2 protein chains.
Amino acid sequence: MNTDIGRGSDAKKPRKQQKRSVVTQQKLLSAAVEAFSEGGFKGTSTRDIADRAGVHHPLITYHFKNKDMLWRAAVTAIFREFNIALVKSLAEFENSAPRQRAEVFVRTYVKYAHQQPALHKIILQEASHPSERLDWLIDSHLRPLFEPVEASLEELQRIGVAPPGNPALLFQMIRGCAGGLLALAPEIKTTTGIDFDEPEALDELADMIISVFFSGNHRAVSAATAESGQQSTTQ
Amino acid sequence: MNTDIGRGSDAKKPRKQQKRSVVTQQKLLSAAVEAFSEGGFKGTSTRDIADRAGVHHPLITYHFKNKDMLWRAAVTAIFREFNIALVKSLAEFENSAPRQRAEVFVRTYVKYAHQQPALHKIILQEASHPSERLDWLIDSHLRPLFEPVEASLEELQRIGVAPPGNPALLFQMIRGCAGGLLALAPEIKTTTGIDFDEPEALDELADMIISVFFSGNHRAVSAATAESGQQSTTQ
DNA sequence: CGGCAAATTCTCCACTTTGGTCCAATTTTT
DNA sequence: AAAAATTGGACCAAAGTGGAGAATTTGCCG
């Protein structure tokens, strides 16, 4: 039995993992991501996943131990992709002006949230009520992503680019507008006609997020409670 | 077999519905709302619902025909509550200034979204990928709610209170920040420490939404494309 | 290059859950 | 009290679950 993906070296000679096995693992992982994002954890059967992957279902047990571990592996895989893309794209602008960094961040976030809608779908599926899976998700992937972002946000508030108030709350709002809306693309397309598969629509979303959250005409203090629109021509 | 809740009068003497039956229907409906909001449609079993309601599971078939119809009945019930509360509370301010109307709307929306988190949870569960249920949800409940709101939003844009851009998109963003965040309360509580069960947190959310989306310093034109923060001291 | 052991896949099974039906028993309404 | 409305219990077919082993590849050794 394997379970481990990053295969460590502990026993004397744990023979190399066969190539075909990483293929089936990959197939299972992407099938799982897709299936879970549609039906949620409870609503998705391992057989359905195996079928989508074109693989016999006992292989799930063999490669991932059980449904729960498969879910975690799938989530980890998709988050890794997302984070890598985000961090890499952000590194280029590390020493740009804070305001531009924010703008780049939003655009990048929107771009990848659209490329990989399953990520936010899965979050939405899990995050609405407490569970062990949610705790795990938060500890393993959400918090590590949030903390640095919130720190940057606080800086933006200090210089008056972002509106005052609880930075964590502010970030959640931005995330809701970006990832949340993109995850709900099917509904939004039907109700409003906006099709995020068209690049212009995606740009419009990013533009609006930036203009709404980072318009930059806020008093450059962080202590002030948000009350009404106050401006000070920081620009 | 009953099926119909609003019982019409077509046959000669369709004897009155018994009192105990409306009780079990009610119990089933609220159990269904709760269960579906947690597990989604596929992830919730009719037996689970019956158990929560303290009722024998074949009664679901008797009262609602099948799982799908039960889901629709539950969604309808919860939307009706929500809409009634929203409309009633809004009617009081019908001839206040547009800006105040917007403010009241946001606060009311946040308030009821918090009171009835199941509503937005169910939307999140269903809206992330196409399905017959989603189409039905949109036609029956979402669109009727959205259309008048978008109209008001356009007015707010015209007078410069709301930022320019596609009003439908703007509304979706606001909805994401209000209902979306409230539906994800468990996650947000763990990641950020913000507990929306505390009234102050709820107020802070409403305040921030208002200050971000209705700060009121936008050029009073609707044709302009959102590009960057522009202000014109409309106040 | 041949063979052996480990790694991987396939076949089959035992068990539970699920949505739904059927009909007898039990209230209610009239 | 009769008839309709409602409920309870037993039952079904289909689908879901994890798992045990046999069968088959594949990598590694000489």
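We name chains A, B, ... by the order of the sequence lines, and we start the count at 1 in each one. Quick caveat: nothing in here was measured; it's all calculated off a predicted structure.
Rounding to whole angstrom units, CD1 of residue B:Ile60 and P of C:dT17 are separated by 17 Å. At whole-Å resolution of the value, CD in B:Gln18 and C1' in D:dA5 are 4 Å apart. The distance from atom OH of B:Tyr62 to atom C1' of D:dG8 is 13 Å, rounded to the nearest whole Å. Following rounding to the nearest Å, B:Lys67 (NZ) and C:dT18 (C1') show an atom-to-atom distance of 8 Å. One can place NE2 of B:His63 at 12 Å from C1' of D:dG8, the figure rounded to the nearest angstrom. A straight line from CZ of B:Phe64 to C1' of C:dG20 spans 16 Å, rounded to a whole angstrom. Rounding to whole angstrom units, CD of residue A:Gln25 and P of C:dT9 are separated by 8 Å. Nucleotide C:dG19 holds its C1' atom 15 Å from the CE atom of B:Met69, rounded to whole Å.
A cation-pi arrangement is absent between B:Lys189 and B:Phe196 under the rule of less than 6.0 angstrom and at most 45 degrees off the ring axis.
A:Lys42 places no side-chain N or O within donor-acceptor distance of the main-chain N or O of B:Glu38, the cut-off being under 3.5 Å.
Within the structure, a side-chain polar atom (N or O) of B:Thr24 is placed less than 4.0 Å from OP1 or OP2 of D:dT7. The shortest distance between the side-chain N/O atoms of B:His56 and the OP1/OP2 oxygens of D:dG9 is below 4.0 Å. OP1 or OP2 of C:dT8 sits under 4.0 Å from a side-chain N or O of A:Ser21.
Applying the side-chain hydrogen bond (donor to acceptor under 3.5 Å, both in side chains) test between B:Ser21 and each of B:Gln18, B:Lys19, B:Gln25, B:Gln17 identifies B:Gln17 as the sole match. For the ring-ring contact (aromatic ring centres under 6.0 Å, His included) test with B:Trp136, the passing option among B:Trp71, B:Phe41, B:Phe79 is B:Trp71; the others fail. The side-chain contact (heavy atoms from CB on, under 4.5 Å) test with B:Phe36 is passed by exactly one of B:Ile78, B:Val75, B:Asp48, B:Ile49: B:Ile49.
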Taking N or O atoms only and anything under 3.5 Å, show me the protein contacts with nucleotides 19-23 of chain D, one pair per line.
none

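Of the residues in residues 33-46 of chain A, those lying under 4.0 Å from DNA chain D by heavy-atom distance are A:Thr44, A:Ser45, A:Thr46.
Ring pair B:Phe146/B:Phe171 is perpendicular by interplanar angle, where above 60° counts as perpendicular and below 30° as parallel.
Checked by atom type, the side-chain pair B:His114/B:Asp197 shows a donor-acceptor distance below 3.5 Å.
For B:Ala35 against B:Thr44, the heavy-atom pair with the smallest separation is O-OG1, 3.2 Å.
Residue-to-nucleotide proximity on DNA chain C shows that, of B:Asp68 and A:Leu59, the 5′-proximal contact is made by A:Leu59.
Aromatic ring centres of A:His56 and A:Tyr62 lie farther apart than the 6.0 Å criterion allows.
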